[in-house]
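Read the structure below first, then the notes.
Computed from heavy atoms alone, side chains included, the values below leave out hydrogens, waters and symmetry copies. Quick caveat: nothing in here was measured; it's all calculated off a predicted structure.
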Amino acid sequence: MTIAFPPPDPAILARRDAILDGLRGLVAPEALVTSEDERRAFETDGLTAYRKMPLAVVLPSTTQEVAAVMRYCHEAGVKVVPRGAGTSLAGGAIAQEDAVILGVAKMNRVLDVDFSNRTARVQAGITNLAISAAVAHEGFFYAPDPSSQLACTIAGNIAMNSGGAHCLKYGVTTNNLMGVTLVLVDGTVVEIGGDYLDSAGYDLLGLVCGSEGQLGIVTEATVRILRAAEGARPALMGFGTVEDAGACTAAIIGAGIIPVAIEYMDREAITICEAFAHAGYPLDAEAMLIIEVEGCKEECDAMLARIVEIARPFNPTSLKVSQSEAESAAIWKGRKSAFGATGRISDYICMDGTIPTGQLPRVLERIGEITKAYGLRCANVFHAGDGNLHPLILFDINTPGEMEKAEAAGEEMLKLCVEVGGCLTGEHGVGIEKRDLMTYQYAPQDLHQQMRVRAVFDPSWLMNPAKVFPLEGRIAA
């Protein structure tokens with residue numbers, strides 16, 4: 001399987017010099033990237049198997065500059081691909097030859113913090129972790145925590161409705177987003193939501209969050225910040241089978257207990273991450289859960305005791321509760337570094353499907369069968385508490401046909417998620433990776449209605465047009 005891109009518009013390519021001249025009058029010289037060598041840094045994102053050289057790259061510093069660039073590109077009929085940090089694992093920020101990349105990385109300031117009302121106003125190019133760093137001195141934090149939080153921007157988080165390990169308790173981006181400044185395709189600047197809990201009228205904020213840069217460019221965001229808990233304690237629980245670990249997760253959630261996080265790793269992932277982080281993971285286990293609880297010491301002890309009791313029928317082979325901040329940091333270092341640690345030893349594709357937690361034992365068994373049928377290896381590491389799977393399918397890109405086998409295996413896994421009542425993506429978005437599977441989850445009339453909504457914002461399909469919807473059957477306003 002090779003993912004297709006729309007053919008570039010020869011008329012746009014022929015006008016490249018004129019388009020660059022127009023862009024030069026809108027931003028500072030250093031904010032326009034035109035040489036081939038410099039553009040190459042923007043030709044791909046986290047889905048590195050695919051790459052396209054952009055027409056140009058523009059890096060504005062203000063909302064007004066973004067509006068000017070969007071207005072010019074709209075009038076010139078030039079496609080625009082929004083980009084945060086380029087960490088998308090679904091190809092959401094991959095360029096097109098006839099498109100300008102508009103990156104928000106220079107827009108990285110905290111504009112205002114209101115601790116009384118628990119909000120922060122930030123520019124969209126700020127990194128996820130930098131928001132927490134900016135409010136930590138007052139004991140606050142920003143809850144969504146993707147594994148790429150050191151690098152990924154809030155713009156990308158909003159585009160993909162990103163989650164993270166702690167979204168089980170605190171929710172994903174949409175649950176922590178209160179307002180945005182949005183630049184529309186024609187350069188119009190609109191304010192949606194704000195520093196209050198709810199807005200009158202239609203929930204346009206819910207529409208923008210997760211729209212993958214197809215409705216406009218987010219330049220600023222108001223996010224919810226939360227008071228950090230008194231303490232937190234992760235525990236490691238090993239199991240003799242993947243099915244037992246999956247069933248234990250379902251039992252914990254089914255009992256009405258909501259820990260801060262329940263993360264899953266199988267033997268392959270345990271081995272890879274322990275070699276990198278030396279966190280004390282149980283190397284003799286077939287699967288492992290990281291279960292974190294928070295509160296005062298008495299609360300943590302009581303909740304962990306309940307969880308251990310629920311886990312008992314599933315025959316855990318080991319239990320280790322963190323006894324210090326250093327141990328807790330090591331436990332999370334292994335989990336947060338899983339993708340990078342895997343990349344040290346193999347090429348891989350990271351899938352992102354979501355299933356009902358009650359289906360975990362069945363789905364984990366089938367993932368093993370699918371991987372074996374293709375003669376590949378798979379490291380499973382994912383947010384078990386909310387059923388958001390991240391199978392890492394290992395392959396050797398230098399072996400002809402292996403990448404295609406990995407993609408085919410991943411496609412089967414995503415279809416499996418839909419078959420058991422889940423969906424194609426939890427937090428990575430559709431991008432190009434899952435675009436052609438949208439017809440597997442949605443009926444033609446469902447896709448048609450979604451495209452009608454999209455076309456209201458962008459009737460000419462200039463915003464990130466290669467993504468989300470299958471290339472065939474697209475509609476205008």
Side-chain angles (χ1 to χ4, degrees), residues 4-15 18-19 22-23 26 52 54-56 58 60 63-83 91-102 104 124 155 158-161 180-192 201-219 429-432 434-436 438-439 442-477:
F5 281 79
D9 184 344
I12 295 294
L13 298 180
R15 291 167 44 212
I19 291 167
L23 292 171
L26 305 177
K52 295 287 181 181
L55 191 74
V58 187
T63 295
Q64 291 69 34
E65 287 184 351
V66 173
V69 172
M70 291 304 299
R71 190 176 304 113
Y72 173 79
C73 289
H74 181 253
E75 292 171 354
V78 177
K79 301 177 183 70
V80 176
V81 175
R83 185 181 178 101
I94 293 179
Q96 293 176 236
E97 294 99 326
D98 58 349
V100 168
I101 280 186
L102 193 154
V104 297
I158 293 169
M160 299 304 188
N161 191 19
V180 297
T181 299
L182 185 72
V183 180
L184 301 179
V185 69
D186 63 355
T188 302
V189 180
V190 296
E191 297 290 337
I192 299 174
Y202 292 123
D203 182 16
L204 295 179
L205 188 63
L207 190 63
V208 170
C209 187
S211 61
E212 304 202 23
Q214 295 198 317
L215 306 185
I217 306 278
V218 173
T219 60
V430 177
I432 61 169
K434 308 177 188 76
R435 181 193 67 202
D436 297 326
M438 289 286 276
T439 55
Y442 295 105
Q445 58 268 33
D446 296 328
L447 285 175
H448 184 83
Q449 189 64 32
Q450 291 181 48
M451 286 188 282
R452 287 184 65 194
V453 172
R454 185 204 187 286
V456 170
F457 289 82
D458 178 21
S460 300
W461 289 76
L462 295 177
M463 295 290 299
N464 216 10
K467 319 297 165 49
V468 181
F469 298 102
L471 300 181
E472 299 296 324
R474 293 184 165 189
I475 64 167

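- The structure places CZ of F5 at 11.5 Å from CG of D98, a figure rounded to the nearest 0.5 Å.
- With R474 as the fixed residue, the side chain to side chain contact (heavy atoms under 4.5 Å, CB included) test singles out one of R454, H448, M451: M451.
- Closest approach of G92 and K467 over heavy atoms only: O-NZ, 3.2 Å.
- Summarising the geometry of M463 relative to Q214, their closest heavy-atom pair is CB-O, 3.7 Å, with the distance given to 0.1 Å.
- When atom types are taken as modelled, the side chain of R435 and the backbone of A4 share a donor-acceptor pair closer than 3.5 angstrom.
- A pairwise comparison of heavy atoms in M438 and P470 identifies CB-CD, 4.2 Å as the closest pair.
- In this structure, T63 OG1 and I217 CD1 are separated by 11.0 Å, a value rounded to the nearest 0.5 Å.
- R71 contributes atom CZ, which lies 8.0 Å from atom CG of D186 (distance to the nearest 0.5 angstrom).
- Residues V81 and A99 come closest through the heavy atom pair CG2-CB, 4.0 Å.
- Taking all atoms of both residues into account, the shortest heavy-atom contact from A68 to L26 is O-CD1, 3.6 Å.
- Minimum interatomic distance between G213 and P82 (heavy atoms only, all atoms of both residues): O-CG, 3.5 Å.
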TODO: Please report the C-alpha distance between L462 and V80 in whole Å, then the side-chain angles of each, then the deciding distance to 0.1 Å, and finally whether the side-chain contact (heavy atoms from CB on, under 4.5 Å) criterion is met.
DONE: CA-CA 6 Å; L462 295 177; V80 176; 6.0 Å; no
